[in-house]
Trainee: 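Attaching a single structure in structure tokens format; questions to follow.
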Amino acid sequence: MRSYTQFYIDGQWVDPVTPKTAEVINPATEEVSGEISLGSPADVDKAVAAARRAFATYGETSVKERLDLLEAIQAEYLKREAELGEAIMVEMGAPTALANGFHTLLGKGHLGTAIEVLREFKFEEQRGPTLIRKEPIGVCGLITPWNWPMNQTCVKIFPALAAGCTMILKPPQLAPYSAQILTEILHEAGVPAGVFNMIQGQGSVIGAALSKHEDVDMISFTGSEPVGVQIQKDAAETVKRVGLELGGKSAWIVLDDEGLAANVAGATAGMMGNSGQTCSAGSRLLVPSARLEEAKKAAAEAANGVTVGDPTGNFAMGPVVSKAQYNDIQRYIELGISEGAELIAGGPGRPEGLDKGWYVKPTVFVGTNDMTISREEIFGPVLVIIGYDDIDDAIAIANDSQFGLGGYVSGSDVEQARNVARKLRTGAIWINGGFDFHAPFGGYKRSGNGREAGVYGLRDFLEVKSIVGC
Ligand code: NAD
């Protein structure tokens, strides 16, 4: 049993102002894995005051000082990587290979990238008579989701530290352990008191208190669209900057070429990764209508080949994060069936032999883009295949969404794939499985605003000042 009942404020582990705890459930067993404290607005006030005090000095540090700090954190992170992986497995059910292989790697990657960006970044630039300075925005509230806990947290903390900001992290209540360990890492690395603070608790309490707080300059939020809307409303009174990374319903376009079956199989298995709980998951698979039968066969085989089981074992997919998430996904599967989508793999209920734990069958439908399962973010291992007539039709279907987060194009003609990508109204498109830590990440339309990762991730934490006159 893990017990994390203290918060990290002003460089120290402290008790909550008002003691209140909540159980954390392991989604693989449905059993209690530990407890955390739930904070109150009084804890937020303490943390914001500490961050404000620290900003007076940390905001003035040199690039060299911040690089030294980030490198010290990097060394500590490497020492505790396996512990982070273990925590992620227990808190949100990622299979051990994924938790240790990819989840922790993403955090490490964002840290290394922040260092690379900071080494190169020009904080001052002379344009004619004007000196343009980039300065840290100030005290930041960082609010993160449970689905890729290290990825979402590290892509905020490290650019914010690189910029010279101070911060208060509010980790997800469902997956709070890895953030505790990360906080220990930051403490061990010597982050100055007040620069980084961490309070666990309910979003509607801690997140809202941060969003409304008069002395917080920026909120960086990753999570669902409705909460993003609420945060913007809460932050409006104090006119603070709000960075939003929200949901998606991304299209994966498979081009009409000899690699179609393999590309469909790869897209299907890829979408099921992390139990489909990825904001940029390619949850609409667009294939040429003329080759729908070939695509159906490849997708069904791939989905049926995704092994599901206990995260401690050698399985491709673990459970989804919670009972509520499980029930929501089941509702969507039933909805797909009742709306007339053709079920070709998976379906309602748990996979055979798994009676306990929030396990979902890797599920594939063939449907149309107007069905609810094609329009709403399901956030589970549920894929919808949609046929397209020609490439313009594929682009039109892909863009016919309220979201605009990710996109994928698979095919042998990379130039054609790039031309398709140019026409997609989304923040990032991956061609044939490309990946880059420096690629800016963020959404068009209702998928959010602002950009994280790489140099754009640093810029989001900076103000721009003009000093005019020689
Ligand atoms: P969520 O919106 O329920 O919660 C996210 C965070 O916000 C949590 O820490 C939560 O406690 C907090 N929160 C809840 N209510 C709040 C409020 N009123 N004020 C301030 N904070 C509040 O999302 P989730 O269920 O944790 O994560 C899943 C969602 O996140 C999905 O919609 C997914 O697409 C999205 N997501 C987006 C990205 C991206 O980069 N675009 C990445 C990962 C997840």
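As the structure lists them, so they are numbered: ligands from 1, and atoms in each ligand from 1.
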Trainee: Tell me: protein heavy atom nearest atom 2 (O) of ligand 1, and distance?
Mentor: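 Here the nearest protein heavy atom works out to Ser224 OG, 2.6 Å.
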Trainee: Is the contact between Leu246 and ligand 1 made by the side chain, the backbone, both, or neither, using heavy atoms and a 4.0 Å cut-off?
Mentor: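 Backbone only.
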Trainee: Evaluate the 4.0 Å heavy atom contact test for atom 4 (O) of ligand 1: does a protein atom fall under the cut-off?
Mentor: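 No; the ligand atom in question lacks any protein heavy-atom contact below 4.0 Å.
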Trainee: For atom 6 (C) of ligand 1, what is the nearest protein heavy atom, given as residue, atom name and distance?
Mentor: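 Ranking protein heavy atoms by distance from atom 6 (C) of ligand 1, first comes Thr144 O, 3.4 Å.
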Trainee: I'd like to check the side-chain hydrogen bond (donor to acceptor under 3.5 Å, both in side chains) partners of Glu188; sequence neighbours left out, ordered by chain and number.
Mentor: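 Partners of Glu188 by the side-chain hydrogen bond (donor to acceptor under 3.5 Å, both in side chains) criterion come out as none, since no residue qualifies.
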Trainee: Out of all atoms in ligand 1, which are within 4.0 Å of some heavy atom of Asn147? Include the element for each.
Mentor: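 Contacts of ligand 1 toward Asn147, numbered from 1: 43 (C), 44 (C).
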Trainee: Who's the nearest protein heavy-atom neighbour of atom 28 (C) of ligand 1, and how far?
Mentor: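 Nearest neighbour among protein heavy atoms for atom 28 (C) of ligand 1, to 0.1 Å: Phe379 CE2, 3.5 Å.
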Trainee: So, is Gly223 polar-close to ligand 1, with some N/O to N/O distance under 3.5 Å?
Mentor: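 Yes.
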Trainee: Out of Ile143, Leu210, Thr278, whose heavy atom sits nearest atom 12 (C) of ligand 1?
Mentor: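 Among Ile143, Leu210, Thr278, the closest heavy atom to atom 12 (C) of ligand 1 comes from Ile143.
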Trainee: Between Tyr326 and Trp358, how do the two ring planes meet: parallel, tilted or perpendicular, split at 30° and 60°?
Mentor: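 Judged by the thresholds at 30° and 60°, the geometry between Tyr326 and Trp358 is tilted.
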Trainee: With a heavy-atom distance limit of 4.0 Å, tell me whether Glu452 approaches ligand 1 through its side chain, its backbone, both, or neither.
Mentor: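 Near ligand 1, Glu452 shows nothing, with every heavy atom at 4.0 Å or more.
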Trainee: Restricting to non-hydrogen atoms, name the atom on Val44 and the atom on His213 that form the minimum distance, rounded to 0.1 Å.
Mentor: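 Nearest heavy atoms, Val44 then His213: CG1-CD2, 4.0 Å.
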Trainee: What atoms of ligand 1 come closer than 4.0 angstrom to any heavy atom of Pro172?
Mentor: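 Within the 4.0 Å cut-off of Pro172, ligand 1 contributes 9 (O).
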Trainee: When you look for heavy atoms under 4.0 Å from ligand 1, do you find them on the side chain of Thr222, its backbone, both, or neither?
Mentor: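 Both backbone and side chain.
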Trainee: Around atom CZ of Arg446, are there more than 12 heavy atoms from other residues, nucleotides or ligands closer than 6.0 Å?
Mentor: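 Result for CZ/Arg446: open.
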Trainee: Under 30°, 30 to 60°, or over 60°: which ring-plane class applies to Trp430 and Phe441, parallel, tilted or perpendicular?
Mentor: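 Tilted, since the angle between the ring planes falls between 30° and 60°.
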Trainee: Atom 13 (N) of ligand 1: which protein heavy atom is closest, and how many Å away?
Mentor: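 Checked against all protein heavy atoms, atom 13 (N) of ligand 1 sits closest to Gly203 CA, 3.3 Å.
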Trainee: Can you list the atoms of ligand 1 that are under 4.0 Å from a heavy atom of Glu377?
Mentor: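 Close to Glu377: 31 (C), 32 (O), 33 (C), 34 (O).
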Trainee: Under a 4.0 Å heavy-atom limit, does Leu405 contact ligand 1 with its side chain, its backbone, both, or neither?
Mentor: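 Just the side chain.
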Trainee: Assess whether a salt bridge exists between Lys108 and Glu81, defined as any Lys/Arg side-chain N lying under 4.0 Å from an Asp/Glu carboxylate O.
Mentor: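 Salt bridge between Lys108 and Glu81, a charged N being under 4.0 Å from a carboxylate O: yes.
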Trainee: Among protein heavy atoms, which sits nearest to atom 25 (O) of ligand 1, and what does the distance come to when rounded to 0.1 Å?
Mentor: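 The answer is Trp146 NE1, 2.9 Å.
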Trainee: Before giving the answer on salt bridge (Lys or Arg N to Asp or Glu O under 4.0 Å), spell out for Arg375 and Glu339 the whole-Å C-alpha distance, their side-chain angles and the decisive distance to 0.1 Å.
Mentor: CA-CA 13 Å; Arg375 305 213 70 78; Glu339 280 187 329; over 6 Å; no
Trainee: Among all protein heavy atoms, pick the one closest to atom 7 (O) of ligand 1 and tell me residue, atom and distance.
Mentor: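 Here the closest protein heavy atom is Phe221 CE1, 3.1 Å.
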Trainee: Between Asp10 and Arg53, does any side-chain N to carboxylate O distance fall below 4.0 Å?
Mentor: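 Yes, Asp10 and Arg53 are salt-bridged.
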Trainee: When you measure from the centre of the six-membered ring of Tyr177, is the NZ or CZ of Arg2 under 6.0 Å away and within 45° of the axis?
Mentor: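 Yes, a cation-pi geometry.
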Trainee: Where on Leu174 is there a heavy atom closer than 4.0 Å to ligand 1, on the side chain, on the backbone, on both, or on neither?
Mentor: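 Contact part for Leu174 vs ligand 1: neither.
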Trainee: Stepwise, does the salt bridge (Lys or Arg N to Asp or Glu O under 4.0 Å) test hold for Glu31 with Lys356?
Mentor: CA-CA 10 Å; Glu31 281 160 14; Lys356 213 168 179 207; 3.2 Å; yes
Trainee: For ligand 1, which atoms, with element, lie under 4.0 Å from some heavy atom of Ile231?
Mentor: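 Every atom of ligand 1 under 4.0 Å from some heavy atom of Ile231: 19 (N), 20 (C), 21 (N).
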Trainee: Taking CD in Glu463 as the centre, count heavy atoms belonging to other residues, nucleotides or ligands within less than 6.0 Å. Is the count above 12?
Mentor: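 More than 12 within 6.0 Å, yes.
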Trainee: For atom 42 (C) of ligand 1, grab the closest protein heavy atom and report residue, atom and distance to one decimal in Å.
Mentor: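 It is Cys279 SG, 2.8 Å.
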Trainee: Is ligand 1 under 4.0 Å from a heavy atom in the side chain of Phe441, in the backbone, in both, or in neither?
Mentor: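 Phe441 to ligand 1: side-chain contact only, backbone stays beyond 4.0 Å.
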Trainee: Does ligand 1 come near enough to Gln230 that some N or O of the ligand is less than 3.5 Å from an N or O of the residue?
Mentor: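 No, since none of the N or O atoms of Gln230 sits under 3.5 Å from an N or O of ligand 1.
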Trainee: Compute the shortest N/O to N/O distance between Ser447 and ligand 1 and return yes if it is under 3.5 Å, no if not.
Mentor: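 No, no N or O pair falls under 3.5 Å.
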Trainee: Parallel under 30°, tilted from 30 to 60°, perpendicular over 60°: which one fits the rings of Phe379 and Trp146?
Mentor: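 Aromatic pair Phe379/Trp146 classed perpendicular.
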Trainee: Quick test of your reading of the structure: of Ala179, Pro145, Ser322, whose heavy atom lies closest to atom 27 (O) of ligand 1?
Mentor: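 Considering heavy atoms of Ala179, Pro145, Ser322, the nearest to atom 27 (O) of ligand 1 sits in Pro145.
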Trainee: Could you point out which residue of Met167, Gln6, Gln180 forms a side chain to side chain contact (heavy atoms under 4.5 Å, CB included) with Met198?
Mentor: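 One option only clears the test, and that one is Gln180.
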Trainee: With heavy-atom distances below 4.0 Å as the criterion, list the atoms of ligand 1 near Gln152.
Mentor: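 Counting atoms of ligand 1 from 1, those under 4.0 Å from Gln152 are 42 (C), 43 (C).
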Trainee: For the pair Asp43 and Lys46, evaluate salt bridge (Lys or Arg N to Asp or Glu O under 4.0 Å) and give the outcome as yes or no after the intermediate values.
Mentor: CA-CA 5 Å; Asp43 299 302; Lys46 281 172 63 183; 5.0 Å; no
Trainee: Within a distance under 4.0 Å of any heavy atom of Gly247, pick out the atoms of ligand 1 and give their elements.
Mentor: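 Answer for ligand 1: 34 (O).
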Trainee: Looking at Arg418, I want to see if its CZ is surrounded by more than 12 non-hydrogen atoms of other residues, nucleotides or ligands under 6.0 Å.
Mentor: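 Open: at most 12 neighbouring heavy atoms sit under 6.0 Å from CZ of Arg418.
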Trainee: Looking at Asp217 and Arg52, does any basic side-chain N land under 4.0 Å from a carboxylate oxygen?
Mentor: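 Salt bridge present between Asp217 and Arg52.
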Trainee: Looking at ligand 1, does any of its N/O atoms fall within less than 3.5 Å of an N/O of Lys170?
Mentor: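 Looking only at distances, the answer is yes, because the N/O contact criterion of under 3.5 Å is met.
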Trainee: Any idea which atoms of ligand 1 are less than 4.0 Å away from a heavy-atom of Gly207?
Mentor: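 Taking each heavy atom of Gly207 in turn, ligand 1 has 19 (N), 20 (C), 21 (N) under 4.0 Å.
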Trainee: Identify, with sequence neighbours excluded, every residue that meets side-chain contact (heavy atoms from CB on, under 4.5 Å) alongside Arg80.
Mentor: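 Residues passing side-chain contact (heavy atoms from CB on, under 4.5 Å) with Arg80: Glu83, Ile181, Glu184, Ile185.
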Trainee: Looking at ligand 1, is there an atom of it that comes within less than 4.0 Å of some heavy atom belonging to Gly443?
Mentor: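 Contact absent.
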Trainee: Between ligand 1 and Gly448, can you find any atom pair, the residue atom being a heavy atom, that is separated by under 4.0 Å?
Mentor: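 No heavy atom of Gly448 comes that close to ligand 1.
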